[in-house]
Amino acid sequence: MSVLKLKNTYTRSVETFQPLDPEGRRVTMYSCGPTVYSYAHIGNFRSFLMSDVLRRVLERNGYEVRHVMNITDVGHLTEDDVADAQGEDKLQKAAREMGWDPYKLARFYEHAFVEDARHLRMKNYSGGEAGEPELHPRAAGHVPEMLELIQKLIENDHAYVDDSGQVYFDIQKFPEYGKLSGKVIDDLEAGARVAVGEHKRDPRDFYLWKVDPKHLMQWDPHSDKGWDAADYERYRQLLPDGVDERIKPGFPGWHVECSAMSRAHLGSVIDIHTGGEDNIFPHHECEIAQSYGAYSTKVPGPHGAPDEGAPRHSFARYWLHGRFLLVNNKKMSKRDGTFYTVRDLLDPRGNERDELAVELEGAGFKDGKVPANVLRYALISNQYTQPMNFGVDLLKQARASVERLQIRYDKLREAVGDDTNPDADETASDKVLELVSKADEDFDAALNDNLNIPNALAVVFGAVNELNTMELGLAEAREALRLMESFDGVLDVLDRSARSGLITREQVATWLDSGTLQAKAKHLKHWAEAPDREQLWEMIEAGQLPMFEDLAPIEQMDAETIELFAAIRQNARKVKDFATADAIRDDLKRRGVQLEDTPQGFRWVLG
RNA sequence: GGUGGCGUAGCCAAGUGGUUAGGCAACGGAUUGCAAAUCCGUCACACGGGGGUUCGAAUCCCCCCGCCACCUCCA
């Protein structure tokens, strides 16, 4: 079994993963989640999906992962550090523009985010985890914990309160500020863009608590004003003596939320912290400074690292950052029309992106919609340490790749059937067993090599190619199916529903010869709904086929229906009426059913 | 200006000193009534350019060119 190695931004090197848990089993992971002031875009999701792949890889390695991803719903300013007077909370700004209450806005976009996350099969939003609020903490619900941290920083002399009642982190008290990002102090001071706030002692000081009477979301640290009752209760318990009297009503700074929430839900030190590359500076740099200033959090350098055993003044041991997603090799830009939200791609027309729908239709996407699993594949298909150049071509390639995997998977499923075959006792050949176990190991090795997805995909397609050249027995098909499911445990791009079936030539022959065709037809759901079913049946008997538009909506294309039309088509083929046969196949295709002729019979796949 | 990174065949993308990565696209062939799927083959003795080190360089060193990101809100 290969060993998991990850590129740690903190040391700029690839380190062996080793959990802090003495038993080596539990892993704690915190990912910077969305700021819910608009729909998340695909760049956001590339980063979130990186964390999703990572947690799945950790699980493959046998770890028990606790993955927290926050929701930022307060405090993230438009100009965070630039000027104290001008920065406006992103949520407040969006809320003002839409004429909404900021809380309503936050919930609206949080809901949209969760929807998108589910479409893209993020594990922390599926199954039981979706219902665990502590895995998806909201910043506005953690003001008590943030004030606790702020108070701690003031007491430790790592933060100060200015004349207006705001609180700043005192950068000079943390000499290691800049270690994560590799920024040197001189660079920052030379940069004229960092304005020195009136009350700041150092241009790099960042605020922990902001005072702005116009802000709609604010909390009074000295009374219950502005508080949710339960939060206030918790605040009183955490800080019976309150906070520094000079702190005025206001709201928390952006950086402080992650330090506070990660501590609240994962403990004071954690294994892994992830985010986008832009989070490195200043966000994560600030988190490290705060957590250390308040709680002296440190973790030992892992085995094999140059600083093995020596304390790192960071509350997370591994810092992983995804590179940006680009479009046309540039950052996404609304002005250039290269800005895509997840929902834009999943349903362009439903999101007023008609031009995008047309472009996608031109690329062969039905109704201009990109299937969610194709989008997921595209967004995880290269290594997170490389920038991704997104575009319609990438989506086309992703679709082709997913389809290739899906076809192999469907065929294996058909071969295995419901697994009650009496031949189930037969054993797979060594050749297949070796292929499966080697592919699984190679897949692990690629993923464990700092999540090298391209290499992992090379293993997947290599295995698929080999399997395609083999005649598989039942037991072998079962092994191969397991392999595909193993791959998909990380990739999660397959449609695992029974979406295909086989109809043998013998079955068709029986229907055609014994008159059961008509009996079968009577069972069709849509038949009863047809305006004149006798007439329709007469048409079929006369060799005239009704168009399916006249019959059933796609939802009703079940196995029975498909079998009927496969039989009718075979009847036409027998008398060499290929025009009719092809018309049926084309019609089925329009109804979302692909019909294929194979040596054994007929194979159908729901599209 | 400072920092980091990238440039691999038509496209995407692994590979950091020595045996065909892989995918997509295109084309040819096998198979098929036609398709679909699948297989075989071709494009592919590819590595931005120029020097150098080496028995041997996509990989190491030097110089140059082009592109991108970060340093300001951003995943």
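What's counted below: heavy atoms across the whole structure, side chains too, no hydrogens, waters or symmetry copies.
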Report all interatomic pairs (protein N or O, nucleotide N or O of nucleotides 24-28 of chain B) with separations under 3.5 Å.
none

Between CZ of A:Phe324 and C1' of B:C73 the distance, given in whole Å, is 10 Å
Pairwise N/O distances under 3.5 Å, protein to nucleotides 58-61 of chain B:
none

With B for base contact, S for sugar-phosphate-only contact and - for none (protein heavy atoms under 4.0 Å), nucleotides 41-48 of chain B reads --------
**Prompt:** Using a distance-only test with no angle check, is there a side-chain donor-acceptor pair under 3.5 angstrom linking A:Thr341 and A:His41?
**Reply:** no
*Indicate whether OP1 or OP2 belonging to B:G33 is found under 4.0 Å from a side-chain N or O atom of A:Lys574.*
no
Just N and O in the side chain of A:Asn389: are any of them under 4.0 Å from OP1 or OP2 of B:C67? no
Worksheet item: Quick one: do A:Asp597 and A:Arg569 make a salt bridge, cutoff under 4.0 Å?
Response: yes
Contacts under 3.5 angstrom, residues 599-607 of chain A side chains, donor-acceptor by atom type, not counting sequence neighbours:
{"unit_1": "A:Arg603", "atom_1": "NE", "unit_2": "A:Glu414", "atom_2": "OE1", "d": "3.1"}
{"unit_1": "A:Arg603", "atom_1": "NE", "unit_2": "A:Glu414", "atom_2": "OE2", "d": "3.0"}
{"unit_1": "A:Arg603", "atom_1": "NH1", "unit_2": "A:Glu596", "atom_2": "OE1", "d": "3.3"}
{"unit_1": "A:Arg603", "atom_1": "NH2", "unit_2": "A:Glu414", "atom_2": "OE2", "d": "3.0"}

Original post:
When you measure from the centre of the six-membered ring of A:Tyr37, is the NZ or CZ of A:Lys93 under 6.0 Å away and within 45° of the axis?
Top reply: no
Worksheet item: Does A:Arg323 get its side chain close enough to the base of B:G5, under 3.5 Å, for a donor-acceptor pair?
Response: no
Indicate whether the side chain of A:Asn382 and that of A:Arg323 have a donor and an acceptor atom separated by less than 3.5 Å.
no
- Query: Can you find a donor-acceptor N/O pair under 3.5 angstrom joining the side chain of A:Arg585 to the base of B:A35?
  - Reply: yes
Distance-only polar pair, side chains of A:Glu285 and A:Ser181, donor-acceptor under 3.5 Å:
yes
Rounded to whole Å, CZ of A:Arg46 lies from C1' of B:C12 at a distance of 13 Å
Query raised in the report: Quick one: does NZ or CZ of A:Arg573 land under 6.0 Å from the six-membered ring centre of A:Phe578, within 45 degrees of the ring axis?
Result: no
Can a side-chain donor-acceptor contact be found between A:Glu15 and A:Thr11 if the only test is distance below 3.5 angstrom?
yes
A:Arg499 meets the side chain to side chain donor-acceptor pair (under 3.5 Å) criterion, sequence neighbours left out, with A:Asp410
Here RNA chain B, pairs taken as Watson-Crick or G-U under 3.5 Å and shown with ( ), [ ] when crossing and | when to another strand, reads ((((((((.[[[..)..(...]]].(((((.......))))).....[[[[[..)....]]]]])))))))....
Do the side-chain N or O atoms of A:Asn382 get closer than 4.0 angstrom to the phosphate oxygens (OP1, OP2) of B:C12? no
Taking only side-chain N and O atoms of A:Asn455, does any of them lie within less than 4.0 angstrom of OP1 or OP2 on B:A14?
no
| said: Is it the case that the base of B:G33 and the side chain of A:Arg569 share a donor-acceptor contact (distance under 3.5 Å, atom types as modelled)? | reply: yes
**Asked** So what does A:Asn279 hit on the nucleic acid, given a heavy-atom distance under 4.0 Å: a base, only sugar-phosphate, or nothing?
**Response** sugar-phosphate
Separation of B:A37 atom C1' from A:Asn465 atom CG, nearest Å, is 13 Å
- Query: Is the phosphate of B:C39, meaning OP1 or OP2, less than 4.0 Å from a side-chain N or O of A:Asn468?
  - Reply: yes
Q) Hey, does A:His321 reach any base, or is it just sugar-phosphate, or nothing, if we go heavy atoms under 4.0 Å? A) nothing
